[in-house]
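Below: one structure, written as structure tokens.
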Amino acid sequence: MMPKLDATHDPARRSWVEAANRADSDFPIQNLPWAVFTRAGEQPRGGIAIGDGIVDLKAASEARLFSGAAAETARAASAPVLNDAMALGARSAAALREQLSDLLRADGRERARLEARAATFLVSMQGAQLCLPVTVGAFTDFLSSIFHTKRMGRNNLPPSYKYQPIAYNSRASSVRIGGETIVRPKGEFRAEAGEVGYGPESSLDFELEMAAVIGPGNALGAPIPIAEAADHIFGYCLLNDWSARGIQRWESQPLGPFLGKSFCTSISPWIVTAEALAPFRAPAFKRDGDDPPPFSHLSDEADLKEGGLDINLEAFWRTAAMRSRGAAPTRVTRTNANALYWTFTQMVTHHTVNGCNLRPGDLIASGTVSGPTDDSRACIAELNGNGTMPLTIGEEKRLWLEDGDDVIFRARAERHGHVSIGFGECSGVIGPMVAG
Ligand code: CA
């Protein structure tokens with residue numbers, strides 16, 4: 001079932017953590033996203049963001065701040081990765097969200113007692129280092145934006161595009177949280193003139209994507225029906241599917257991308273729960289009248305009505321020179337997750353329709369979230385017309401990413417009558433090429 005609105009979404013609710021009440025905060029009391037964090041010399045453990053702080057779920061557990069299913073969930077989330085806590089399912093996550101929202105609310109009954117003890121369970125974000133929140137057992141990358149698919153295919157769609165969500169199995173071992181250096185890959189490519197070469201990738205690109213993080217999995221041989229698919233999605237994060245276009249072009253026939261994608265993928269450290277996004281659901285993509293309707297296993301009334309997500313996504317690009325003089329990064333993309341032709345629930349159902357099993361912590365990425373307009377092109381290959389039109393970044397010209405450039409993704413869900421929530425950042429700076 002799609003998550004529903006309850007008191008935790010109440011726009012009037014404020015927190016005694018003052019920074020959470022600022023209009024531009026990504027982490028108001030209505031959000032409460034999950035991450036894993038550590039501080040010098042300490043074990044990584046789960047935490048939940050509130051304003052400029054992190055609720056330390058291990059410390060809060062030990063202080064017995066929660067009861068029932070919420071206590072069980074917080075205990076599971078005290079581990080160095082969140083797979084086991086996410087596997088408990090939406091009801092457990094909702095129980096924790098409900099109790100934590102009550103503990104943090106400005107008009108809560110126990111406010112004075114909690115505020116006095118805040119130092120024992122509330123950590124400053126500034127002093128904390130965020131870690132990969134889950135052990136990523138599998139990472140699947142879909143191709144759910146019809147606009148991206150058309151631009152990249154010079155207006156041709158693959159024949160099955162409107163019948164089923166298309167995906168490939170990408171690499172899980174090289175998924176990292178944002179903030180790390182992206183090492184320029186080396187590989188084989190074919191130059192314009194036709195000769196084949198080997199060396200550092202010169203056409204390095206980003207792809208602005210969203211990913212669903214799987215909560216409870218399914219058994220091998222037991223597909224997830226579309227009406228139950230939402231129960232298997234714990235939450236969502238931003239994802240940068242860094243792409244080496246030269247390597248990708250040369251290697252992709254007939255089996256699809258391999259080394260052009262597997263060198264590194266960045267995700268945002270904060271996982272926004274599906275429940276937090278309940279106010280920002282949107283109808284599924286409106287298909288053209290002559291598009292084939294999805295087969296019955298991919299079609300569901302609730303999914304049609306609210307299977308989409310209304311989330312604004314932005315990509316920023318900054319050169320090393322801009323960074324050294326403190327200049328603001330150049331925004332190159334402004335798009336929305338509601339541009340996706342397929343919903344995440346359709347992707348999850350399609351993924352399992354052959355009996356394939358998903359496991360807690362698996363990443364199901366949307367593919368590049370490009371929209372119909374020029375400013376919503378969500379990768380460089382679209383923005384530069386497949387390498388033909390340089391972009392202006394700050395005061396410099398760029399065709400592709402150069403060493404020292406960084407890319408920053410941000411996302412916010414905004415809707416009239418609701419408190420906006422954000423995803424934090426997913427960033428990466430391009431470093432020199434891989435050794436050897
Ligand atoms: Ca991709």
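Only heavy atoms go into these numbers, but all of them, side chains included; no hydrogens, no water, no symmetry mates. Note that the structure is a prediction, hence the values are computed from the model and not measured. Remember, it's 1-based here, ligands and their atoms both numbered in the order they're listed.
Pairing each heavy atom of Gln248 with each of Ser243, the nearest pair is OE1-CB, 4.2 Å.
No other N/O/S atom of Asp141 lies as close to the Ca ion (ligand 1) as OD2 does. Within Glu207, the N, O or S atom lying nearest to the Ca ion (ligand 1) carries the name OE1.
The pair Lys4-Glu306 meets the salt-bridge criterion, with a side-chain N (NZ, NE, NH1 or NH2) lying under 4.0 Å from an Asp/Glu carboxylate O. Between Glu207 and Lys261 there is a salt bridge, since at least one side-chain N of the basic residue sits less than 4.0 Å from a carboxylate O of the acidic one.
Geometry about the Ca ion (ligand 1) gives an angle of 100° between OD2 of Asp241 and OE2 of Glu209, rounded in steps of 10 degrees.
Open room surrounds CG on Asp84; 12 or fewer heavy atoms of other groups in view lie less than 6.0 Å from it.
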